[in-house]
Every structure is written in C-alpha cells, then in structure tokens.
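Down below is the structure, laid out as structure tokens.
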Amino acid sequence: MTKTITFNELRRIKDSLPDGSMHRIADELNVTTQTVRNYFGGSNYSFGKNCGLHLEPGPDGGIVVLDNTQIYDMAIRILEEENKK
C-alpha cells in the first residue's frame, strides 16, 4: 500500500522518535540502520538502500510517496507507545 505525505511531515515523525528507534526499526525489519535513515530523507546509499521513497517538489518540503509503509507504520507505532507512557 502506498502513502502520500509531505516531506516536512515525514521529518517531524523522524525527529519525534525516541533515541534508539532507528536501530529498533532496522532490527525488526532486518535492514540496515542507514536504510531506515534514508527512508526518512537521508541519502547515504553506500551503506543503505532506497526503500521506495519518491520525492516531488512542492509546498511544505515537497510531496513524498512511500511505496512501502512498513518503516512508516513502525515509526507511528513507536510514537503511539511513547504517548501511552
């Protein structure tokens, strides 16, 4: 399933994650931590892969189309867990 959000919204989610979340997501999905960072707007493809993130110029940092929402879904779940504390 695809999801469309703004780049700034994606960055806000990343910036809201508690310490260690990138490693947790990477471990659970069996990908590198750099792949998770690339998903949230990083661009180090020497140590990580592209996870189906497509950027288009536009307002609020541009439009991001996520082809695979697994990392996004896990990030939202982690944020929900944090809010319950």
Side-chain angles (χ1 to χ4, degrees):
M1 177 194 321
T2 63
K3 178 158 186 71
T4 303
I5 62 174
T6 66
F7 181 76
N8 288 344
E9 181 182 353
L10 185 66
R11 294 297 288 189
R12 278 191 292 274
I13 291 168
K14 178 211 163 264
D15 292 341
S16 298
L17 290 170
D19 290 341
S21 295
M22 297 291 168
H23 293 287
R24 177 179 167 188
I25 293 169
D27 289 345
E28 288 188 35
L29 295 178
N30 199 29
V31 297
T32 66
T33 304
Q34 189 58 51
T35 297
V36 177
R37 287 187 183 112
N38 289 347
Y39 188 87
F40 286 105
S43 59
N44 184 342
Y45 297 105
S46 299
F47 297 102
K49 296 180 181 178
N50 183 331
C51 288
L53 174 109
H54 306 283
L55 298 170
E56 296 179 26
D60 206 17
I63 302 299
V64 178
V65 178
L66 305 171
D67 289 341
N68 182 334
T69 62
Q70 281 185 308
I71 293 173
Y72 173 86
D73 294 338
M74 285 191 69
I76 295 300
R77 191 174 76 227
I78 291 169
L79 291 174
E80 289 171 349
E81 289 171 4
E82 285 296 305
N83 287 335
K84 288 181 183 178
K85 291 182 178 179

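Computed from a prediction, not measured in an experiment: that's the story for all the values here.
- Here the CD1-CD1 distance, from I71 to I13, works out to 12.5 Å after rounding to the nearest 0.5 Å.
- Shortest non-hydrogen contact noted between L17 and A75 is CD2-O, 3.6 Å.
- The structure places OG1 of T35 at 10.5 Å from CG of N30, a figure rounded to the nearest 0.5 Å.
- Between R24 and E81 there is a salt bridge, since at least one side-chain N of the basic residue sits less than 4.0 Å from a carboxylate O of the acidic one.
- Distance check, rounded to the nearest 0.5 Å: CG of N38 to OG1 of T33 gives 11.0 Å.
- Atoms CG and CZ, from D60 and F7 in turn, are 10.5 Å apart once rounded to the nearest 0.5 Å.
- Checked by atom type and distance alone, the side chain of T69 never pairs as donor or acceptor with a backbone atom of Y72 at under 3.5 Å.
- For the atom pair OH of Y39 and CD1 of I25, the computed distance is 9.5 Å after rounding to the nearest 0.5 Å.
- Taking 4.5 Å as the limit, some side-chain heavy atom of E80 sits within range of a side-chain heavy atom of I76.
- Using a 4.5 Å heavy-atom threshold, the side chains of R37 and K14 count as separate.
- Summarising the geometry of M22 relative to F40, their closest heavy-atom pair is CE-CD1, 3.8 Å, with the distance given to 0.1 Å.
- The environment of D19 atom CG is sparse: at most 12 non-hydrogen atoms of other residues, nucleotides or ligands sit within 6.0 angstrom.
- Shortest non-hydrogen contact noted between I5 and E9 is CB-OE1, 3.5 Å.
- In this structure, CG in L29 is found 5.0 Å from CE in M74, a value given to the nearest 0.5 Å.
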